[in-house]
Number of protein chains: 2
Amino acid sequence: MVTDLDETLAALADPTRRRIVELLRDGPRRPGELSAAFEISAPAISRHLRVLRRSGIVEERGVDSDARLRVYRLRPEPIVALQAWLDQVQAFWTDQLGAFKAHAERVSRENES
Amino acid sequence: MVTDLDETLAALADPTRRRIVELLRDGPRRPGELSAAFEISAPAISRHLRVLRRSGIVEERGVDSDARLRVYRLRPEPIVALQAWLDQVQAFWTDQLGAFKAHAERVSRENES
DNA sequence: CAAGTGCTTAACCAATGGGTTAATAATTGC
DNA sequence: GCAATTATTAACCCATTGGTTAAGCACTTG
C-alpha cells in the first residue's frame, strides 16, 4: 500500500538493508536469524527492519506457535514500483534513438524534394 | 563494502536528484537551466550534480562555443545495473511459486504410495 | 511466579547530508 | 582591461542516520 519511491530508495540505499533483502529472497526469516548473519547488534538489525517495514519492502508476521517470534518476508509492490520508474527513465535511451530516427527521416525527405 | 549500487541508490534516494534525472530524460541540460527549474540555490544544484556525476548516472561535457557553459546528460549503465539487481531480487516471487509447486508435488507423491 | 528468551525502544554519540551565503575561477564581450 | 556571466568550491548550520549499550515488553517454561 505504501509504495513511496523515496522511502523505497532510501531503504535500499543501505548495504546492510540490501543484504537483508537478499537473505529474505530465499524465504521468510526471523530477526534473530538475520542478526546472526551480521556482525552488528540486534537492535541495529531491528531498526533496519523497521525502515524496510515502513517502506513496504518487507512485512512482519507473528508466529502462532510462539508469540515471542516474528517473521519477516518480502513484499513485491515497492520493488515493482521502483522498476516501473526506472523503466520510464531508461526509456530516455530509446527516446533518443527515436528522436534521431525522426530527425534522419526528416532530413532525407527534405533532400528528396 | 560500498558498491556502485550503493552510490546509485543513494543518488536516486533524493527527490531533487530524481527530478533532475527526469528533466535530463528529455535531453541534455545546463546547470543553469536545471537551477531555473528548482527553488533551491545554484550551489545546491551543483552539489546534486556532483553526486549524480560520481555515481555515474550523469556525465558532464563542455560546450565548444562557450567554455563557461557545461552540459549534463544521462548515462544508461547505472540504471541498467540497478534494474538487474532488482530483477534478481524480484525473482523471489517466482522462486516462491516454484517452492510451493515442489512442496505440493512432494505431498501428493506421499499420498499416492 | 521467577527466570529465561526474542525482539524492540530509549538514550546517546559521531558522521553524513542538504540547505544557505560568500568567495573563487574561468571566460566572454564591451 | 573591466564588468558581467556561468558554474563550482568553501564555510557554516541543523536535521537525519547508523551504530552502541541499557532498559522494557511480551511471552514461555521450569
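Treat the numbers as computed from the prediction; the structure is a model and nothing was measured. First the proteins, then the strands, lettered A, B, ... as listed; each starts at 1.
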Separation of atom [atom1] in [X] from atom [atom2] in [N], rounded to whole Å:
{"X": "B:Leu34", "N": "D:dT6", "atom1": "CG", "atom2": "C1'", "result": "13 Å"}
{"X": "B:Leu52", "N": "C:dG18", "atom1": "CG", "atom2": "P", "result": "10 Å"}
{"X": "B:Glu39", "N": "C:dT20", "atom1": "CD", "atom2": "P", "result": "10 Å"}
{"X": "B:Glu33", "N": "D:dT5", "atom1": "CD", "atom2": "C1'", "result": "15 Å"}
{"X": "A:Arg61", "N": "C:dG6", "atom1": "CZ", "atom2": "C1'", "result": "20 Å"}
{"X": "A:Leu49", "N": "C:dC7", "atom1": "CG", "atom2": "C1'", "result": "10 Å"}
{"X": "B:Ile45", "N": "C:dT21", "atom1": "CD1", "atom2": "P", "result": "14 Å"}
{"X": "B:Phe38", "N": "C:dG19", "atom1": "CZ", "atom2": "P", "result": "10 Å"}

Residues passing the side-chain contact (heavy atoms from CB on, under 4.5 Å) test with A:Ala67, sequence neighbours excluded, are none

Flag the pair [X] / [Y] as yes when at least one side-chain heavy-atom distance between them is below 4.5 Å, and no otherwise.
{"X": "A:Arg18", "Y": "B:Leu9", "result": "yes"}
{"X": "B:Arg17", "Y": "B:Val51", "result": "yes"}
{"X": "A:Ile57", "Y": "A:Glu7", "result": "no"}

Does A:Arg19 qualify as a cation-pi partner of A:Phe38, given the criterion of NZ or CZ under 6.0 Å from the six-membered ring centre and within 45 degrees of its axis? yes

Does any donor atom in the side chain of B:Arg53 or B:Tyr72 lie under 3.5 Å from an acceptor atom in the other side chain? yes

Does the side chain of B:Trp85 pick up a donor-acceptor pair with the side chain of A:Glu22 at under 3.5 Å? yes

Of the listed C:dT8, C:dG6, D:dT6, the closest approach to the A:Pro31 side chain comes from C:dT8

Taking only the side-chain nitrogens and oxygens of B:Tyr72, find out if one of them lies under 4.0 Å from OP1 or OP2 of D:dT8. yes

Considering just the side-chain nitrogens and oxygens of B:Arg30, establish if one lies under 4.0 Å of OP1 or OP2 belonging to D:dT6. no

Please list each protein N or O that sits under 3.5 Å from an N or O in nucleotides 12-18 of chain D, with the distance.
{"residue": "D:dG18", "atom": "OP1", "partner": "A:Arg17", "partner atom": "NH2", "Å": "3.0"}
{"residue": "D:dG18", "atom": "N7", "partner": "A:Arg47", "partner atom": "NH2", "Å": "2.9"}

Hydrophobic cluster membership, with links at side-chain heavy-atom distances under 4.5 Å among I/L/V/M/F/W/Y: are B:Val71 and B:Val21 in one? no

Reading nucleotides 21-30 of chain D from 5' to 3' and marking B where a protein heavy atom lies under 4.0 Å of the base, S where only the sugar-phosphate is that close, and - otherwise, the string is BB---BBS--

Shortest non-hydrogen pair, B:Gln90 vs A:Val80, comes out as NE2-CG2, 3.8 Å

